[in-house]
Amino acid sequence: MKLFGTPKSHFTRKVRILLDHLEEPYELVDIGDVANQGQGQFADNPLMSVPVLEYGTMKLFDSDHISIFLTHRFDPENRFEVITDDPHTLNGRAFLNGAMMAEVRLILAERTGLATNGVAVFDKAKKTISNVLAWCDDNLDLFNTAHTTYAQFHFICLWDHLNLYALIENDWPRLRALANTLSESESISRSAPSK
């Protein structure tokens, strides 16, 4: 099983944390600079994004779709609540993914030399991230559970990535405390991105 992504990608990291919790071996294939535009670099993903899971002759795109596939295959008990129809959880997943995509837009803009301050589309991306962090702070119950969940994996991936790139003000004491608690897990801390 191969997972195409980058060591710093928060979308890829969600899947890595799940695989580590499932204790399933995989090879992380670092695709390099995600600002490049070669479809082949992204394991033939037309969206030119990561992660991509290669499982036998099959390829699967999108971190949440990959996680659902892996859960069906390796965790039929759904111990980490990857498969859900709970609206609160699904909304949280959508918000976190949206904030992660907003951050990607900001990072790629800066990496390619675009100024992001005072530009409406980038100001909206920053506001989106702030709105999602406020939502997370108001909905800590989604992440503060007695057992380990995919929602926690999702949150810590966003949080650590925001701190790595420091593109917005990140002053949320309750979220920081949650992140510190989650980071005590070996399966979570081993994939933490570093500069």
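In what follows, every heavy atom counts, from backbone to side chain, and hydrogens, waters and symmetry copies are set aside. Index from 1, following the sequence.
Inter-residue side-chain proximity for L106 and I129 is flagged as met; some heavy-atom pair is nearer than 4.5 Å. Side-chain contact between L175 and L140 is present, with heavy atoms from C-beta onward closer than 4.5 Å. In this structure, L108 and R111 have side chains that are in contact, with non-hydrogen atoms separated by less than 4.5 Å. The closest side-chain heavy-atom distance from L3 to V15 is below 4.5 Å. Looking only at side-chain heavy atoms (C-beta outward), H65 and F61 stay at 4.5 Å or farther from each other. A 4.5 Å side-chain heavy-atom check between I107 and H161 finds at least one atom pair inside the cut-off. Within the 4.5 Å cutoff, the side chain of E54 has no heavy atoms near those of the M1 side chain.
Rounding to the nearest 0.5 Å places CD1 of I66 at 12.0 Å from NZ of K59. Here the CG atom belonging to D85 is positioned 7.0 Å from the CG atom belonging to L90, to the nearest 0.5 angstrom. One distance of note links CD1 of I83 with CG of N78; it measures 4.5 Å at 0.5 Å rounding. Between the CE atom in M101 and the CG atom in L96 there is a gap of 14.0 Å [rounded to 0.5 Å]. Taking CG from L133 and CZ from R174, the interatomic distance works out to 12.5 Å, rounded to the nearest 0.5 Å. Note that NE2 of H10 and OG of S191 are 13.0 Å apart. Values are rounded to the nearest 0.5 Å.
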Using atom types as modelled, flag every donor-acceptor pair under 3.5 Å from a side chain in residues 150-160 to any protein atom, sequence neighbours excluded.
residue: Y150; atom: OH; partner: D64; partner atom: OD1; Å: 2.5
residue: Y150; atom: OH; partner: S67; partner atom: OG; Å: 3.1
residue: Q152; atom: OE1; partner: T149; partner atom: N; Å: 3.0
residue: Q152; atom: NE2; partner: F143; partner atom: O; Å: 2.8
residue: Q152; atom: NE2; partner: T145; partner atom: OG1; Å: 3.3
residue: Q152; atom: NE2; partner: H147; partner atom: O; Å: 3.4
residue: H154; atom: NE2; partner: K14; partner atom: NZ; Å: 3.3
residue: H154; atom: NE2; partner: N97; partner atom: OD1; Å: 2.8
residue: D160; atom: OD2; partner: R13; partner atom: NH1; Å: 2.8
residue: D160; atom: OD2; partner: R13; partner atom: NH2; Å: 3.4

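Contact detail for I17 and I188: the closest heavy-atom pair is CG2-CG1, 3.9 Å. The heavy-atom pair separating T116 from A109 by the smallest distance is CG2-CB, 3.8 Å. Annotation for A125 and A102: closest pair O-CB, 3.6 Å, computed over non-hydrogen atoms.
Side-chain atoms of K126 and N117 form a donor-acceptor pair, as typed in the model, at a separation below 3.5 Å. There is a side-chain donor-acceptor pair under 3.5 Å between S9 and T12.
Counting non-hydrogen atoms of other residues, nucleotides and ligands closer than 6.0 Å to NZ of K2 gives a total of 12 or fewer.
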Quiz item: Hey, mind stepping through T71 and L18 against side chain to side chain contact (heavy atoms under 4.5 Å, CB included) and telling me if it holds?
Solution: CA-CA 9 Å; T71 299; L18 177 63; 4.1 Å; yes
Self-check item: Verdict with supporting geometry, H72 and L70, side chain to side chain contact (heavy atoms under 4.5 Å, CB included)
Solution: CA-CA 5 Å; H72 279 299; L70 293 170; over 6 Å; no
Practice problem: Check the pair K8, L164 against side chain to side chain contact (heavy atoms under 4.5 Å, CB included), reporting the backbone distance first and the verdict last. | Solution: CA-CA 9 Å; K8 292 181 181 176; L164 176 67; 4.0 Å; yes
Quiz prompt | Steps toward side chain to side chain contact (heavy atoms under 4.5 Å, CB included) verdict (E103, T128) | solution = CA-CA 9 Å; E103 188 193 18; T128 295; over 6 Å; no
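Applying the side-chain contact (heavy atoms from CB on, under 4.5 Å) rule to S187 yields the partners D20, H21, S185, R190; only residues at least two apart in sequence or on another chain are considered. Every residue meeting the ring-ring contact (aromatic ring centres under 6.0 Å, His included) condition with H88, not counting sequence neighbours, appears here in chain and number order: W135.
Between the side chain of N139 and the main chain of L142, no donor-acceptor pair closer than 3.5 Å is present.
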